[in-house]
Amino acid sequence: MTDLRHIDALVTAALDEDAPWGDLTSEALIPVDATLEARLVAREPGVFSGSEVFAAAFRLVDPRIRVQLLASDGERFESGDVLAEIAGPARGILRAERIGLNFVQRMSGIATQTARFVATVAGTGARIVDTRKTTPGLRLLERQAVRDGGGRNHRSTLSDAVMVKDNHLAAVAGAGLSVTEALVQMRARLPHTAHVEVEVDRLDQIPAVLAAGVDTVMLDNFTLDGLRQGVALIGGAALVEASGGVDLASVAGIAATGVDVISVGALTHSVRSLDLGLDVAPGDAARERATAP
């Protein structure tokens, strides 16, 4: 679960962006004592994610708003299912509506897409993981959504682990060092707990990388035959990660090559938000006024 302090900071910023000086429409139109009841309803099937973020949007606008969550993060739902019920001051519900929906729709879209990838590779032993191709500022929420969909998280930031990519290796070559020498020297400068991953895009790069004792070798944009050869060449000496252009049509074939990890940027960088809606009905007080003689 994402830290509630982080959730509150993100939601507060979003609310301020959306209504920097208040909700002009509701404040001019809606009586101050009006109440509403609303339901978060699924317009399509999916996997739920973002419950705490959704609830925070209403709580931070007006703590008198009551949000009852009827679905848990990671829970599958069908079209027409009611995922939450909201009741309280009408102005607050209307102000928080779009921000709450924006977050929960995107997070549920990510969780749903992740679940499709996970189901497609079921039984192969390959793990589906995310990447750093996330919306700036929303990485922690999007990574939670990946977990809610059954996926795993790659390193969260550049500070979490070592990942030596092609541009790093090009810089090393320009300094006159061999790949193995550079990696060994680098490892000597790292804490013993640091995980080291190195990206390669050709089979002939693998022996020099393995000689440095790395933890994971990433096979970037390899063909299926290349992946199989890479897995055989590495032979269990390191974890094997496949990356590059992975989609639902290709992921099963990639998993069948024997790789341990498949990183999928599409989980977050191009996902479609799920269609969830807030159906609003008059609250008890409003109904009483409407039906009074």
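Keep in mind the model is a prediction, meaning the values are calculated, not measured.
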Heavy-atom side-chain contact between [X] and [Y] under 4.5 Å:
X: Thr134; Y: His269; value: no
X: Asp81; Y: Leu83; value: yes
X: Asn153; Y: Val129; value: no
X: Val240; Y: Leu219; value: yes
X: Ile254; Y: Leu224; value: yes
X: Arg147; Y: Arg152; value: no
X: Asp215; Y: Leu239; value: no
X: Val200; Y: Asp220; value: no

Taking every non-hydrogen atom, the tightest pair across [X] and [Y]:
X: Ala84; Y: Leu69; result: CB-CD2, 4.1 Å
X: Phe117; Y: Asp247; result: CE2-C, 3.5 Å
X: Phe77; Y: Phe48; result: CE2-N, 3.4 Å
X: Asp62; Y: Pro89; result: OD2-CG, 3.4 Å
X: Thr268; Y: Lys133; result: OG1-O, 2.6 Å
X: Phe54; Y: Gly100; result: CD1-O, 3.4 Å

Whether [X] side chain and [Y] backbone form a donor-acceptor pair below 3.5 Å:
X: Ser178; Y: Glu181; value: yes
X: Glu27; Y: Asp23; value: yes
X: Asp18; Y: Leu15; value: no
X: Arg139; Y: Arg132; value: yes
X: Thr135; Y: Leu138; value: no
X: Thr120; Y: Leu248; value: no
X: Gln105; Y: Leu276; value: yes
X: Gln113; Y: Ile110; value: no
X: Asp73; Y: Gly50; value: yes
X: Gln144; Y: Leu141; value: no

Check: So Arg272 and Glu44, salt bridge (charged side-chain N to carboxylate O under 4.0 Å, His left out) or not? Walk me through it.
Finding: CA-CA 12 Å; Arg272 179 181 66 82; Glu44 60 181 314; 2.9 Å; yes
Verify the cluster assignment for [X] and [Y]: are they in a single hydrophobic cluster under the rule of side-chain heavy atoms below 4.5 Å apart?
X: Val67; Y: Val82; value: no
X: Leu101; Y: Val280; value: yes
X: Leu70; Y: Met107; value: no
X: Leu140; Y: Val104; value: no
X: Val184; Y: Val164; value: no

Check: Between Glu199 and Lys165, is there a side-chain N and carboxylate O pair less than 4.0 Å apart?
Finding: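 Salt bridge present between Glu199 and Lys165.
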Notebook entry, point to check: What do the steps show when you test Val162 against His195 for side-chain contact (heavy atoms from CB on, under 4.5 Å), and what is the final call?
Noted result: CA-CA 6 Å; Val162 172; His195 187 98; over 6 Å; no
Between [atom1] on residue [X] and [atom2] on residue [Y], distance to nearest 0.5 Å:
X: Asp130; Y: Arg155; atom1: CG; atom2: CZ; value: 11.5 Å
X: Leu40; Y: Leu278; atom1: CG; atom2: CG; value: 6.5 Å
X: Ile262; Y: Thr124; atom1: CD1; atom2: OG1; value: 6.0 Å
X: Leu203; Y: Gln205; atom1: CG; atom2: CD; value: 9.0 Å
X: Glu197; Y: Met218; atom1: CD; atom2: CE; value: 4.5 Å
X: Leu267; Y: Thr114; atom1: CG; atom2: OG1; value: 4.0 Å

Margin query: Pair Val251, Ile128 - check side-chain contact (heavy atoms from CB on, under 4.5 Å), show working.
Written below: CA-CA 9 Å; Val251 71; Ile128 298 295; 3.9 Å; yes
Margin query: Evaluate Met186 against Val196 for side-chain contact (heavy atoms from CB on, under 4.5 Å), listing each step before the verdict.
Written below: CA-CA 10 Å; Met186 176 195 72; Val196 176; 3.7 Å; yes
Next item on the list: Assess whether side-chain contact (heavy atoms from CB on, under 4.5 Å) is satisfied between Arg91 and Ile30, documenting all intermediate values.
Entry: CA-CA 7 Å; Arg91 288 184 178 183; Ile30 308 298; 4.1 Å; yes
Checklist line | Test item: side-chain donor near acceptor, Arg98 and Asn102, under 3.5 Å | finding: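 Note: Arg98 and Asn102 side chains meet the donor-acceptor criterion.
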Checklist line | Any donor-acceptor N or O pair under 3.5 Å, side chains Ser49, Ser108 | finding: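 No pair is found: no donor N or O on one side chain lies under 3.5 Å from an acceptor on the other.
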Item checked: Atom CZ of Arg66: over 12 foreign heavy atoms under 6.0 Å ->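 12 or below, so no.
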Next item on the list: List the steps and the verdict of salt bridge (charged side-chain N to carboxylate O under 4.0 Å, His left out) for Glu142 and Arg106.
Entry: CA-CA 8 Å; Glu142 294 182 351; Arg106 177 159 181 81; 2.7 Å; yes
